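Take a look at the structure set out below.
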Amino acid sequence: MVCKLSTRLMNICVASFCKVQQLERAEAVIVDAIRLGTLPDVVTYNTLVAAYCRFVDLDAGYSILNRMTEAGIYPNVITYNSLIAGASNRSLLSRCFELFDEMIMLGITPDVWSYNTLMHCFFKLKKLDEADKVFDDILMSKLSPCSTTFNTIFNGLCKNGHANNALKLYRYYKKNGFIPQLITYNILIDGLCKSGRLRAARWVLKELGESNLEPNASTYTTVMKYCFRSGQFEEGMEVFYEMKNKGYTYDAFSYCTVSSAFAKIGRLEEAHKCYELMVEKGIELDIVCYNILVNMYCIGGRLEEVYNLLNEIEQAGLKCDEYTHTTLIDGLCRAGNIDGALKHLRYMDTLGFDSNLVAYNCMVDRLCKAGYINKALKIFGTMDVRDCITYTSLVHNLCKERRFFTASKVLLACLNQGMKVFRPTQRVVLKGLRSSGLDSEARKLQAKIRLARILQ
DNA sequence: GTAGGGTTAG
């Protein structure tokens with residue numbers, strides 16, 4: 001009984017240190033406990049696995065699994081769920097599946113948490129059918145889906161551009177007894193805002209207002225961002241102040257949202273002030289905060305300082321991501337250094353990011369605007385992946401140069417891919433073709449546009 | 001031990 005109590009006490013101490021990222025002290029507690037005759041149990045090791053996955057890396061978490069096995073303690077479903085979650089959070093998605101299989105091979109039965117995380121992974125990989133199969137597996141097994149299962153589905157649908165379906169499903173489950181939580185509302189409001197379903201987003205927000213739940217910092221940041229995106233700057237700032245009045249302390253999320261909104265409308269001093277406040281409040285800067293600062297300097301043409309900042313990022317032990325590089329490429333173009341931007345784009349290609357699409361889109365647009373439209377067309381020709389922004393940008397710039405025939409060809413290629421170009425741009429192409437006497441090309445394009453609208 | 005908000009381009 002005494003031993004049991006001391007194991008519990010040891011685990012409480014270990015968990016407390018792990019929670020505040022003091023892993024060495026957590027380990028020291030275990031060493032002391034062993035010296036006093038208390039051995040760590042599965043709970044101790046699971047706490048360490050979760051902490052190492054969270055604060056160090058997946059391999060560090062996995063090495064704890066080896067340590068516990070050597071100590072004769074067998075992992076359980078919680079051990080593996082922590083490892084799977086660790087892999088998922090670090091976007092090591094193939095590792096998630098490997099760990100899931102490993103768990104089953106060891107005879108450990110997955111629980112609803114394991115399935116939820118697995119489903120989340122499939123959504124991250126945009127494999128909606130596979131995610132759906134996991135949900136079927138939950139239903140077919142003796143497990144019951146929990147609120148996180150439903151929230152994971154809503155979130156996965158929203159993140160994959162199906163906010164509408166998420167909303168429909170939410171209504172259906174709500175009718176059948178699902179009780180929404182604050183996180184459910186936050187997921188739906190954000191998803192609907194991002195997909196432009198603003199009326200529906202307001203409706204869900206109203207539903208939240210009528211519920212007994214109180215919006216939190218996450219809700220406020222989402223709504224604030226929607227205001228900024230739709231050009232309602234003052235309204236966005238009102239949300240920011242309301243958030244403070246409600247007693248929420250600003251965090252990196254809210255500061256970043258406001259700072260980038262200021263930068264976007266050219267109020268760089270105020271944008272920088274937000275950043276300074278963030279530092280003053282002791283908020284640890286992550287790569288997103290730095291990216292906003294990089295963008296701020298790029299907009300202000302302070303390229304020298306951007307390079308200093310890149311060093312600072314490295315010194316802080318952070319890694320530049322695709323946002324950092326894309327922002328820098330755009331900044332170089334903005335400063336007229338097209339060659340430097342092209343060179344950096346090539347360099348970015350070697351870094352192995354999942355997608356350099358935005359960087360390429362920046363390059364295409366900036367090349368056009370700098371008068372190098374043929375160079376832009378050449379880059380466009382080398383792109384493996386294009387989206388509606390690539391096409392819209394190129395078509396728009398070709399029209400500005402009165403190259404309507406080429407614009408029409410690019411637009412047709414876009415429609416053939418099942419993508420849309422901004423409607424006013426489509427009209428400019430048609431008008432331009434007709435005014436240039438290219439009536440048959442105009443008719444062909446018009447027919448294609450109509451067909452594309454029907455097929456939408 | 002799972003799920004939500006912040007950064008880039010038209």
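Because the structure is a prediction, the values reported are computed rather than measured. Convention: sequence-line order gives letters A, B, ...; per-chain numbering from 1. Basis for what follows: all heavy atoms, side chains included, without hydrogens, waters or symmetry-related copies.
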Show your reasoning for whether side chain to side chain donor-acceptor pair (under 3.5 Å) applies to A:D251 and A:S254.
CA-CA 6 Å; A:D251 55 14; A:S254 52; 3.1 Å; yes
Evaluate whether the aromatic ring of A:F253 and the six-membered ring of the B:dG5 base sit under 5.5 Å apart, centre to centre, with an inclination under 30°.
yes
Between A:S408 and A:F404, is there a donor-acceptor pair closer than 3.5 Å when you use the side chain of the first and the backbone of the second?
no
Of the candidate nucleotides B:dT2, B:dA3, B:dA9, which contains the atom at the shortest distance from the side chain of A:N151?
B:dA3
Show every salt bridge (charged side-chain N to carboxylate O under 4.0 Å, His left out) that has at least one partner inside residues 87-104 of chain A, sequence neighbours left out.
A:D59-A:R95, A:R95-A:E98
All ring pair (Phe, Tyr, Trp, His ring centres under 6.0 Å) counterparts of A:Y226, not counting sequence neighbours
none
Contact class for A:N397 (heavy atom, under 4.0 Å): base, sugar-phosphate, or nothing?
nothing
Could you check how far CG of A:N89 sits from C1' of B:dT2, rounded to whole Å?
9 Å
At 4.0 Å (heavy atoms only), tell me whether A:D190 reaches a base, stays on the sugar-phosphate, or touches nothing.
sugar-phosphate
Under 3.5 Å, side-chain donor or acceptor atoms of residues 271-279 of chain A against the rest of the protein: list the pairs with distances, not counting sequence neighbours.
| unit_1 | atom_1 | unit_2 | atom_2 | d |
| --- | --- | --- | --- | --- |
| A:H272 | ND1 | A:E276 | OE2 | 2.9 |
| A:H272 | NE2 | A:Y297 | OH | 3.4 |

Pick one: which of A:F240, A:F233, A:F262 meets ring pair (Phe, Tyr, Trp, His ring centres under 6.0 Å) with A:F228?
A:F233
Could you please name the option among B:dT2, B:dG10, B:dA3 that lies closest to any side-chain atom of A:K369?
B:dG10
So A:I329, base contact, sugar-phosphate only, or nothing? Heavy-atom distance under 4.0 Å.
nothing
Protein-nucleotide distance (A:F154, atom CZ; B:dA3, atom P), rounded to Å
16 Å
To the nearest angstrom, how far is A:M296 atom CE from B:dT8 atom P?
11 Å
Residue set satisfying side-chain hydrogen bond (donor to acceptor under 3.5 Å, both in side chains) with A:E305, at least two apart, ordered chain then number -> A:R302
List for me each residue that meets side-chain hydrogen bond (donor to acceptor under 3.5 Å, both in side chains) alongside A:K409, sequence neighbours excluded, and say none if there are none.
A:E441
Do A:D387 side-chain and B:dG10 base share a donor-acceptor contact under 3.5 Å?
no
B:dT8 base to A:T327 side chain: any donor-acceptor pair below 3.5 Å?
no
Would one find a side-chain N or O of A:K194 under 4.0 angstrom from OP1 or OP2 of B:dG6?
yes
Within this structure, what is the CG-to-C1' distance between A:L285 and B:dT7, rounded to whole angstrom?
13 Å
Distance, rounded to the nearest Å, where A:I153 contributes CD1 and B:dT2 contributes P
19 Å
Contacts of A:D190 that satisfy side-chain hydrogen bond (donor to acceptor under 3.5 Å, both in side chains) - sequence neighbours left out:
A:K194
Check the distance between B:dT8's P and A:I287's CD1 and give it to me in whole angstrom.
14 Å
Residues of residues 220-229 of chain A with any non-hydrogen atom less than 4.0 angstrom from an atom of DNA chain B: list those, numerically ordered, please.
A:T221, A:T222, A:K225
Taking ring-ring contact (aromatic ring centres under 6.0 Å, His included) as the cut-off, I'd like each qualifying pair that reaches into residues 353-373 of chain A, sequence neighbours left out, listed once.
A:H325-A:F353
Does B:dG5 have OP1 or OP2 sitting under 4.0 Å from an N or O in the side chain of A:K159?
yes
Donor-acceptor pair under 3.5 Å, A:T117 side chain vs B:dT2 base:
no
For residues 239-252 of chain A, which residues have at least one heavy atom under 4.0 Å from DNA chain B?
A:D251, A:A252
Can you pull out the residues from residues 343-364 of chain A that lie within a 4.0 Å heavy-atom distance of DNA chain B?
A:V358, A:N361, A:C362
By the ring-ring contact (aromatic ring centres under 6.0 Å, His included) test, which pairs, at least two apart or in different chains, include something from residues 75-98 of chain A?
A:F97-A:F122
Sorted by chain and residue number, the side-chain hydrogen bond (donor to acceptor under 3.5 Å, both in side chains) partners of A:K174 (sequence neighbours excluded) come out as A:E207
Is the phosphate of B:dA3, meaning OP1 or OP2, less than 4.0 Å from a side-chain N or O of A:K124?
no
Just checking A:I183: base, sugar-phosphate only, or nothing, at a heavy-atom cut-off of under 4.0 Å?
base
Between A:Y391 and A:F380, does the ring centroid distance fall short of 6.0 Å?
yes
Could you tell me whether A:C289 contacts a base, only the sugar-phosphate backbone, or nothing, with contacts defined as non-hydrogen atoms closer than 4.0 Å?
base
Starting at CE of A:M419 and ending at C1' of B:dG10, how long is that distance when rounded to a whole Å?
13 Å
Grab the CG-P distance between A:L398 and B:dG10 for me, whole Å please.
16 Å
